[in-house]
Each structure stands twice: as structure tokens, then as C-alpha cells.
Novice: 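Pasting a structure below so you can have a look.
Proteins come first, then strands; the chains are lettered A, B, ... in the order of their sequence lines, and each starts at number 1.
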Amino acid sequence: MFFDYLVLGAAGEFLNIGDILATLVIFIGLMLLLKKFAWGPLMGVMQQREDLIKSEIETAENSRLESQKMLEEQRTLLKDARTQAQEIVENAKKQGEVSREEIITTARAESGRMKEAAVQEIANERDKAISAVREEVVALSLLAATKVLEKEISEEDNRQLINETIAKAGEVQ
Amino acid sequence: MEHGAPMLKVFGIWFNLSNVMMLLVAALIVFLIAFIATRNLQLKPTGMQNFMEWIMDFVKGIINSNMDWKDGGRFHVLGITLIMFIFVANMLGLPFAIVVNGDLWWKSPTADPTVTMTLAATVLILSHYYGIKLKGLKGYAGGYIKPMPFLFPLKVIEEFANTLTLGLRLYGNIYAGEILLTLLAGLASASIFGFAAAILPMMLWQGFSIFIGAIQAFIFVMLTMVYLSHKVADDH
């Protein structure tokens with residue numbers, strides 16, 4: 001043929017239809033076989049891994065959010081507890097103040113009352129003592145008078161006696 | 001250096017048995033690697049599973065750089081299979097070539113234009129198919145007169161040019177690599193001096209060919225995704 005020199009390959013004057021068919025059949029067959037036995041499973045595994053990683057990331061994100069939430073919660077709780085504790089201390093202080101006031105007031109009142117009682121007692125005792133002295137004076141006077149009456153003594157003696165008695169009474173008083 | 005090919009005619013269709021065999025070998029190796037690597041899959045990957053996942057992520061990166069994952073996810077399996085198949089196919093011709101009765105049996109299947117053009121045409125046909133499927137016949141046809149209607153002829157040529165360059169780039173790179181390897185091997189087997197002279201460039205060229213093979217596999221998949229995204233994605 002005229003264009004023989006343009007034809008490629010070793011065959012020369014005829015086209016290798018058989019080679020074309022063989023190439024097609026072998027290549028397509030190889031592709032299908034590999035798809036079934038190699039690429040398919042491998043892609044499946046890779047997809048599986050991708051899914052696994054995706055879900056792991058999601059889980060991690062979720063747990064991160066959860067822990068964030070818990071931390072926030074704990075923080076609030078701690079804050080509450082702190083305020084509460086402060087309140088309790090404050091209350092106790094106030095309570096202490098109040099009872100202190102009360103105790104002082106009570107003590108003051110008690111001491112006042114006791115003082116009063118003592119004063120009363122003293123006055124009572126004094127009155128009692130005075131009346132006792134008086135009775136004593138009267139008794140002494142009576143004794144003196146008896147003595148005067150019993151002994152007829154001089155006016156001077158009498159006066160001296162009376163004076164003596166009075167002095168005695170004064171001493172007693 | 002000029003080897004024949006083991007041709008066989010079945011029902012009036014010519015088969016290059018070497019191509020068929022090497023395609024099968026490449027497919028078998030890829031399948032075994034992938035199959036063994038994906039036994040005992042675990043959520044925490046180890047060893048081979050890591051390697052497979054790296055390839056998957058690599059192809060995923062290629063797709064993502066071209067289109068939305070929503071559109072491109074369906075091409076993931078195609079991309080991984082393509083990159084592994086082409087890489088393994090490119091590597092097959094490196095260690096040795098086997099010639100039996102003047103027929104070249106062991107070589108890279110991608111060093112044959114029929115094979116690479118078939119792959120390229122498959123990709124381009126897929127791009128048209130998904131273009132119509134995802135954007136509707138109207139959206140697909142509209143793609144030919146965007147951004148300017150007078151670009152229509154260029155757009156049509158582009159489709160054929162894409163197919164041709166996609167297939168021939170791969171074929172050319174690998175075939176050229178094999179030719180040079182064959183030449184070096186011929187030099188090395190000629191004499192003791194030839195062996196001494198050839199061993200260093202041979203090693204260099206084999207290392208470079210590994211690099212080329214990897215790059216070409218990557219480029220093929222990258223361009224596949226580019227062409228697919230042209231037809232499928234909305235932003236083009």
C-alpha cells in the first residue's frame with residue numbers, strides 16, 4: 001500500500017484486531033477483578049477509617065463540650081458554697097454580737113439587782129442594830145435605875161452612876 | 001534487532017501472541033500485588049496495605065487536581081488500575097527480552113502501538129460516554145462550540161489529536177527504551193570488550209527506563225483525568 005510506511009508496529013500490512021480485543025478484554029477484566037477483590041475492600045476500609053475518625057472527632061468534641069459544661073457547673077457550685085459559707089460566718093458573727101450584748105445586759109442587771117439587795121440588807125441590819133441598841137439602852141437604864149433605887153446613895157454618886165451608865169451605853173452604841 | 005512477531009490468525013482475526021501473553025503477565029502481576037496487599041485489611045494499616053493506600057491517595061490527588069470528587073470519584077478505580085497496569089507493563093521489558101525462533105516474545109506490552117492506542121482510545125471513548133451521560137447530549141455538543149463557535153474544527157481535531165498523542169507518547173517512550181536496551185544487549189553479547197563497554201550504560205539506561213516507565217504511567221493517568229474532566233466537569 002501507498003501509506004505502508006505510516007503504519008505503526010511490527011505487523012506491517014494488517015491491523016491487529018486481535019491485540020485490540022485482547023487489550024480491552026484483559027484490561028477491563030483486570031479492572032473488574034481488582035474492583036471486586038482489591039480496590040473495593042480497600043476503599044471500604046479507608047471509608048470505614050474515615051468514618052471512624054469523623055466519629056472520634058465528634059465524640060471528642062462532645063466530651064469537650066460536656067466537660068466544659070461540668071466545669072462551669074462546678075464553678076457555679078463553688079461560688080454558691082463560698083457565698084453560703086460567708087453568709088454563715090456573717091450570721092454567726094451577728095449572733096455572737098447579739099448574745100454578747102444580751103449577756104452583758106443580763107450581767108449588768110444582775111449586778112445592779114445584787115447591789116440593791118446588799119444596800120437593802122445593810123439598811124435592814126442597821127435598823128436592826130439600832131433597835132437592839134435601843135433595847136440595850138433601855139435595859140441598862142432599867143438596870144441603872146434599879147441599882148439607884150436599891151442603893152441609897154448620894155446625889156453625887158447618883159449622878160456619877162448615871163453618867164457612868166450613859167457612858168457605858170454610849171460605848172455600847 | 002529486527003524481530004518478527006508471533007502472529008496467529010483465529011477466525012480471521014490476527015493476534016500478536018507476544019502481546020497477548022505480556023498483557024496477561026502484566027495483568028497477573030498487578031492482580032497478585034493488589035490481591036496480596038489487600039488481604040487482612042485493617043483500620044490501622046501496615047506494610048503492603050500502606051503502599052496500596054498510598055497509590056489510591058496518589059490517584060485520588062490526580063483526580064482531585066482536575067475535577068470535583070463528586071464527578072471524579074467514579075474514575076478512581078479506572079485510575080488506579082491504569083497506573084498500576086501501565087507501570088508494571090513498562091517495567092516488564094526492562095530486565096530482559098526473549099526471542100524465540102526470531103520472534104520477540106518477552107517485551108513490554110506497552111512497547112506496541114496497538115496496545116497503547118487501544119488504551120488511549122478506550123479512555124477517550126469513555127470521556128465521550130461520560131460527557132454525554134453526565135451533561136446530557138446538549139451539554140456535550142455545546143462543549144464543541146465553547147468558548148467560540150469558530151473553534152469547532154479545532155475542537156474536533158483536538159479529540160483525535162488527544163487520542164493519538166496519549167497512545168503514541170506512551171508507546172514511543174517505552175519502545176525507544178527497549179530499542180536502546182536491545183542495542184546495548186547486542187553490544188554486550190558481542191565480545192568481552194563490548195560487555196565491559198556496555199555494562200555501565202546498560203545499568204544507567206535501565207535505571208532511567210524505570211524512571212521513564214513510572215513517569216509515563218503517571219502522565220497517562222494524569223492526561224486521562226484531564227480529558228475526562230474536560231468532558232465531565234462544569235468549569236471547563
Novice: What part of Met52(B) is in contact with chain A, defined as an atom under 4.5 angstrom from a non-hydrogen atom: side chain, backbone, both or neither?
Specialist: both

Novice: Could you state the interatomic distance from CG (Leu34(A)) to CD1 (Ile80(B)), rounded to the nearest 0.5 Å?
Specialist: 9.0 Å

Novice: Roughly how far apart are Ile26(A) CD1 and Met21(B) CE, rounded to 0.5 Å?
Specialist: 11.0 Å

Novice: Nearest 0.5 Å, what's the CD1-CE distance between Ile20(A) and Met117(B)?
Specialist: 9.0 Å

Novice: For the CH2 atom of Trp39(A) and the CD1 atom of Ile55(B), what is their distance to the nearest 0.5 Å?
Specialist: 6.0 Å

Novice: Would you compute the distance between atom OG1 of Thr114(B) and atom CG of Leu21(A) and round it to the nearest 0.5 angstrom?
Specialist: 11.5 Å

Novice: Can you tell me which of Val45(A), Leu42(A), Leu33(A) forms the most heavy-atom pairs within a distance under 4.5 Å of chain B?
Specialist: Leu42(A)

Novice: How long is the span from the OG1 atom in Thr122(B) to the CG atom in Leu24(A), to the nearest 0.5 Å?
Specialist: 4.5 Å

Novice: At a heavy-atom separation under 4.5 Å, does Leu52(A) approach chain B through its side chain, its backbone, both, or neither?
Specialist: side chain

Novice: Could you tell me whether Glu61(A) atom CD has more than 12 heavy atoms of other residues or ligands within 6.0 Å of it?
Specialist: yes

Novice: Side-chain contact, heavy-atom cut-off 4.5 Å: Phe27(A) with Val115(B)?
Specialist: no

Novice: Please evaluate residues Met43(A) and Glu53(B) with respect to the criterion side chain to side chain contact (heavy atoms under 4.5 Å, CB included), reporting the C-alpha separation (whole Å), side-chain torsions for both, the decisive distance (0.1 Å), and the verdict.
Specialist: CA-CA 9 Å; Met43(A) 279 171 179; Glu53(B) 289 191 4; over 6 Å; no

Novice: For chain A, which candidate among Ala34(B), Ala26(B), Ala111(B) shows the most heavy-atom pairs at distances under 4.5 Å?
Specialist: Ala34(B)

Novice: Counting only heavy atoms closer than 4.5 Å, note whether Met46(A) contacts chain B via side chain, backbone, both or neither.
Specialist: side chain

Novice: Among the options Val20(B), Leu28(B), Leu78(B), pick out the one with the most heavy-atom pairs lying under 4.5 Å from chain A.
Specialist: Leu78(B)

